[in-house]
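Worksheet for the structure shown next.
Chain A is the first sequence line, chain B the second, and so forth, proteins listed ahead of strands; every chain is numbered from 1. Atoms considered below: every heavy atom in the structure, side chains included; atoms not considered: hydrogens, waters and symmetry mates.
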There are 2 protein chains.
Amino acid sequence: MDLSSPAAKDDTADDIGIRLKLVRQIFGLTQRELARRAGVTNGAISLIEQNRVSPSVSSLKKILDGIPLSLAEFFTLDFSPSDHVFFQANELTEIARDPDISIRMVGQRTQERVLQMRRETYQPGADTGEAMLRHTGEECGIIVSGSLVVTVGAQERVLHPGDAYSFRSDIPHRFRNPYNEPCMLISANSPPSF
Amino acid sequence: MDLSSPAAKDDTADDIGIRLKLVRQIFGLTQRELARRAGVTNGAISLIEQNRVSPSVSSLKKILDGIPLSLAEFFTLDFSPSDHVFFQANELTEIARDPDISIRMVGQRTQERVLQMRRETYQPGADTGEAMLRHTGEECGIIVSGSLVVTVGAQERVLHPGDAYSFRSDIPHRFRNPYNEPCMLISANSPPSF
DNA sequence: CGCAACTGTTGAAAATCCTAAACATGGATC
DNA sequence: GATCCATGTTTAGGATTTTCAACAGTTGCG
């Protein structure tokens, strides 16, 4: 066979090359490092990733063993849905309803996840209310700027930047900012609560 | 490289050969027929099934396209659980506790399943057709009266009252009653199909 | 800059795979 | 048994992949 165009042999036998390249990069390996681990040459990996050749299953397996990843996992891996790993600050989605409180979460509510990370901002005077919050799971957070009065069960504390909290969410809790400066904190919930 | 023993290159790159052979047989294809559909030679398939060579991914894909089966499905397929397809009447496992009641189940209770049970009657001459049935899910059944010829993949058996079958529905299957007596059976499907 | 250390890419030769065609075996029919 | 037909296996040779080694580009440092 002849390679007329640079992307000849583009019969895309399932984009092995791209798949391999993505996987390798996800695992933070260079062609040479992976080649060393797998016991093949870096040239082979280069050719495969360019779809210039279609590796034998045994070669592919040797390479994947160096990651390590099974053939089944390799072919099953789906990059499309969860490829949204990084979010810019303005990409966080707002989930709070109170105008004095901003709660932005990382990612969409669509995905099933066990962990939800948030950036919360409490304006001066903001208060989650005397009727204490309560739900299942756990949550924790760290104050980034400003100060906040946090009540958890019978305990109440004023938290300043760098301070943190961690408690079971079924213990009644309340956040309020009686100061004249906004308070920003980073928190995490498990499981997610909206 | 030299092939000293007949099973040289037994590094078992995931038993591609055995896998391919099983899949091919399950779908009731000969090496030549599959080769024709896939556009490769029967010799190639023979060599692959003997693990004498490790096919290139592109070749394997071409072959699987002839089945058809995706690479992901091929490598994911698990043969261990469903290889027990036929059960004799006395192989059914009793699951009832009341000594006055006998409840016998087909197979093991290991897997979680969502089943739909049915009572089916096949009049003499009835036949689901040479174009084998194929759909998602699982199904099993027990013959109550009469006899039935059941084909599942490459296996074919005449089942008599008390005998049973159990297989994954994506394996081609066919029911027919070439006898002069109606056949009644109790079957179950998962997920339910109406 | 010069150099070292790293990256991925290439060309020719060695190793491996795939094809084409012949071979061997088993079952069915006469 | 003889023949036909279908099955899977094998062999030689052309096609493809892999290695080995050299190449080119980038980054970091003295």
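- If you measure from atom CG of Asn51(B) to atom P of dC18(C), you get 13 Å, rounded to the nearest angstrom.
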Per-nucleotide protein contact string for nucleotides 24-29 of chain D, where B marks a base within reach and S marks sugar-phosphate only (heavy atoms under 4.0 Å, - for neither)
------
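- Each of Glu33(B) and Lys62(A) was matched to the nucleotide of DNA chain D holding its nearest heavy atom; the match closer to the 5' end belongs to Glu33(B).
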Could you run down nucleotides 21-26 of chain C 5' to 3' and tag each one B, S or - for protein heavy-atom contact under 4.0 Å?
-B----
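- Between Gln31(B) and dT7(D) there is no side-chain polar atom (N or O) within less than 4.0 angstrom of OP1 or OP2.
- When the side-chain nitrogen and oxygen atoms of Arg52(A) are compared with OP1 and OP2 of dT10(C), one or more of them lie within a distance under 4.0 Å.
- Thr30(B) has a side-chain polar atom (N or O) that falls below the 4.0 Å cut-off from OP1 or OP2 of dT7(D).
- Looking at residues two or more places apart in sequence or on another chain, you find a salt bridge (Lys or Arg N to Asp or Glu O under 4.0 Å) between Asp65(A) and Lys61(A).
- Remark: Arg37(A) pairs with Glu33(A) by the salt bridge (Lys or Arg N to Asp or Glu O under 4.0 Å) rule, at least two apart or across chains.
- The CZ atom of Arg36(B) sits 11 Å away from the P atom of dT7(D) (whole-angstrom rounding).
- In this structure Glu181(B) satisfies the salt bridge (Lys or Arg N to Asp or Glu O under 4.0 Å) test with no other residue, sequence neighbours excluded.
- Put simply, Ser46(B) has a side-chain N or O that comes within less than 4.0 Å of OP1 or OP2 on dT9(D).
- For Gln31(A), the side-chain hydrogen bond (donor to acceptor under 3.5 Å, both in side chains) criterion is met by Glu49(A), not counting sequence neighbours.
- Proximity note for Ala44(B) (side chain, C-beta onward) versus dC18(C), dT19(D), dT10(D): the nearest is dC18(C).
- An OP1 or OP2 oxygen of dT7(D) is reached within less than 4.0 angstrom by no side-chain nitrogen or oxygen of Arg24(B).
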